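Below: one structure, written as C-alpha cells.
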Amino acid sequence: MEEKLKAVDMVIEIRDARMPMASRNPLLNQLASGKEKLIILSKSDMADPVATKKWIEYLNKDKVKAIALDIIHDNSSGKKVVKEALKLMEPKRQIQRNKGINPRAIRAMACGIPNVGKSTMINHIAKRKSAKVEDKPGVTRSLTWIHADEQLDLLDTPGVLWPKFDDDKMAAILAAYGSINDDILDKKMVAMDAIHIIQDLYPNHLEELFDCENVNPNGMLKAICEKRNLKKEKDELDVKRAAELFLNELRKGKLGKLSLEHVEENSEEVHE
Ligand SMILES: Nc1nc2c(ncn2[C@@H]2O[C@H](COP(=O)(O)OP(=O)(O)O)[C@@H](O)[C@H]2O)c(=O)[nH]1
Ligand SMILES: [Mg+2]
C-alpha cells in the first residue's frame with residue numbers, strides 16, 4: 001500500500017458515517033501525509049443525520065474535504081466523488097496551468113478498513129466509465145487504473161487498512177457493527193456494550209422500540225426477548241438470540257438512524 005500511495009496524487013478515504021473515528025486507521029495520515037484527502041462518510045443512509053453534519057464540519061480542513069454519501073442508493077454518488085476530488089486538487093492544478101503546464105488526470109486511491117464500501121464506491125465510479133488505463137508513465141506496471149473521468153484516474157484495487165482502535169469504546173463500536181471478527185467475541189457482551197452506548201447517546205430510543213422502562217443493558221436484552229418472543233423451553237428467555245437479533249438489526253440500520261460516535265470535545269484526529 002505504501003508503494004501504491006507513491007503513485008497517487010490524493011487519497012479517497014472511506015469511513016463509516018456511523019463511526020467516523022473508530023472506522024479509520026490513523027496510519028493512513030502518516031502514509032499519505034502531504035497529500036490531499038477526500039473523506040467519504042459512507043452509509044450515511046443508516047447514520048444519524050445530525051451527527052453526520054457535525055462530523056462533516058469537524059473533519060473539513062485545509063487539504064481535507066469530507067462529504068457524506070449513501071453509496072448504494074444514491075445514483076450520483078460516483079459523480080459526486082469525482083467532482084469533489086477535482087475541486088480538492090484544483091489549487092495545485094491551477095498552479096500548474098499558471099506555469100504553462102497542462103495538468104494530467106488526477107490519480108487517486110480509495111482507502112479504508114474492510115466493509116466501509118470501498119469496492120461499492122469504485123464500482124459506482126467505474127460504471128460511468130469503465131475504460132481501464134494501464135501503463136501510465138512513471139507508475140508501477142502492475143497497477144490498473146480506472147479512467148473515472150477525463151481528469152481523474154482511480155486505482156481499481158482499494159487500499160485495505162485494518163482498524164486500529166485507541167480504546168475499548170472504539171473496539172466495542174467496531175464489534176457492534178461487525179467490523180472486527182466477532183467469531184471470537186461473546187455476542188451478548190458485544191450487544192450489551194452497544195446497548196450501553198446507544199442508551200447514552202439516544203436516551204429512551206431503545207426503551208421505546210422494545211417497550212420497556214429504563215433498564216440496564218442486560219434488562220434490555222430481556223425486554224427484546226419479551227417483545228420478539230424469543231424463548232427457550234419452559235418459557236426461559238433466549239438472551240443469546242436477542243443479542244444476535246439486536247446486532248443484526250443494528251448493522252442493517254433497522255433500529256433507526258443511529259451513530260455510535262458523536263463529535264465530542266475530545267474527538268481528536270490524533271495522528272494528523
Ligand atoms: N446502506 C449502505 N450500504 C452500503 C453503503 N456502501 C456500502 N454498503 C454496503 O456495505 C457492504 C460492504 O461494502 P464493500 O464495498 O464490499 O466494502 P469494502 O470492504 O470496503 O470494499 C456491502 O454490503 C455494501 O452493499 C452505503 O452507503 N449505504
Ligand atoms: Mg472490497
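For ligands, and for the atoms within them, numbers begin at 1 and follow the listed sequence. This structure is a prediction, so every number in the text was calculated from the model and none was measured.
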For residues Asp70 and Ile72, determine if any side-chain heavy atom of one lies less than 4.5 Å from a side-chain heavy atom of the other. yes
Matching residue for Asp9 among Lys35, Lys37, Arg104, Arg107 - test: salt bridge (charged side-chain N to carboxylate O under 4.0 Å, His left out): Arg104
What about Ile113 and Ile173, same hydrophobic cluster or not, with Ile/Leu/Val/Met/Phe/Trp/Tyr joined at side-chain heavy-atom distances under 4.5 Å? yes
For ligand 1 and Ser42, I'd like to know whether there is a polar contact (N/O to N/O, distance under 3.5 Å). no
Consider every N or O of Ser44 and every N or O of ligand 1, then say whether any pair is closer than 3.5 Å. no
Using 2.8 Å as a strict upper limit, say whether an N, O or S atom of Ser119 approaches the Mg ion (ligand 2) that closely. yes
Proximal atoms of ligand 1 relative to Leu69 (non-hydrogen, under 4.0 Å): 27 (O)
Closest approach of any protein heavy atom to atom 17 (O) of ligand 1, naming residue and atom: Gly117 N, 3.0 Å
Quick one: does Val263's side chain get under 4.5 Å of Glu57's, heavy atoms only? no
If I apply the N/O under 3.5 Å rule, does His73 come out as touching ligand 1? no
Using a 4.0 Å cut-off to any heavy atom of Asp70, which atoms of ligand 1 qualify? 26 (C), 27 (O), 28 (N)
For residues Leu86 and Lys83, determine if any side-chain heavy atom of one lies less than 4.5 Å from a side-chain heavy atom of the other. no
Do Lys4 side-chain atoms and Gly159 backbone N/O form a donor-acceptor pair below 3.5 Å? no
Quick one: does atom 14 (P) of ligand 1 have a protein heavy atom under 4.0 Å from it? yes
Note the single closest protein heavy atom to atom 5 (C) of ligand 1, along with its residue, its atom name and the distance in Å. Lys43 CG, 3.7 Å
Under 4.0 Å and counting heavy atoms only, is there anything from the protein next to atom 7 (C) of ligand 1? yes
Residue, atom name and distance, where the atom is the protein heavy atom closest to atom 12 (C) of ligand 1: Asn115 OD1, 2.9 Å
Please check if Tyr202 and Trp55 belong to a single hydrophobic cluster, counting links between Ile, Leu, Val, Met, Phe, Trp and Tyr side chain heavy atoms closer than 4.5 Å. yes
Considering both backbone and side-chain atoms of Pro114, is one of its nitrogen or oxygen atoms within less than 3.5 Å of a nitrogen or oxygen in ligand 1? no
Hey, are the side chains of Ile12 and Met109 touching, using non-hydrogen atoms and a 4.5 Å cut-off? no
Taking the side chain as C-beta and beyond, is there a heavy-atom pair between Lys54 and Asp48 under 4.5 Å? no
Considering Ile40, Ile122, Asn123, Ile72 one by one, which has a heavy atom nearer to atom 4 (C) of ligand 1 than any of the others? Ile72
Glu3 and Lys6 ion-paired at < 4.0 Å: yes
Give the numbers and elements of all ligand 1 atoms closer than 4.0 Å to a heavy atom of Met46. 1 (N)
With a 4.0 Å cut-off on N to O distance, would you call Arg18 and Asp16 a salt bridge? yes
Ile71 to ligand 1: N or O pair under 3.5 Å? yes
Can you sort out which atoms of ligand 1 are near Thr120, meaning under 4.0 Å from one of its heavy atoms? 7 (C), 13 (O), 14 (P), 15 (O), 24 (C)
Please state which protein non-hydrogen atom is closest to atom 28 (N) of ligand 1 and give its distance, to 0.1 Å? Asp45 OD1, 2.8 Å
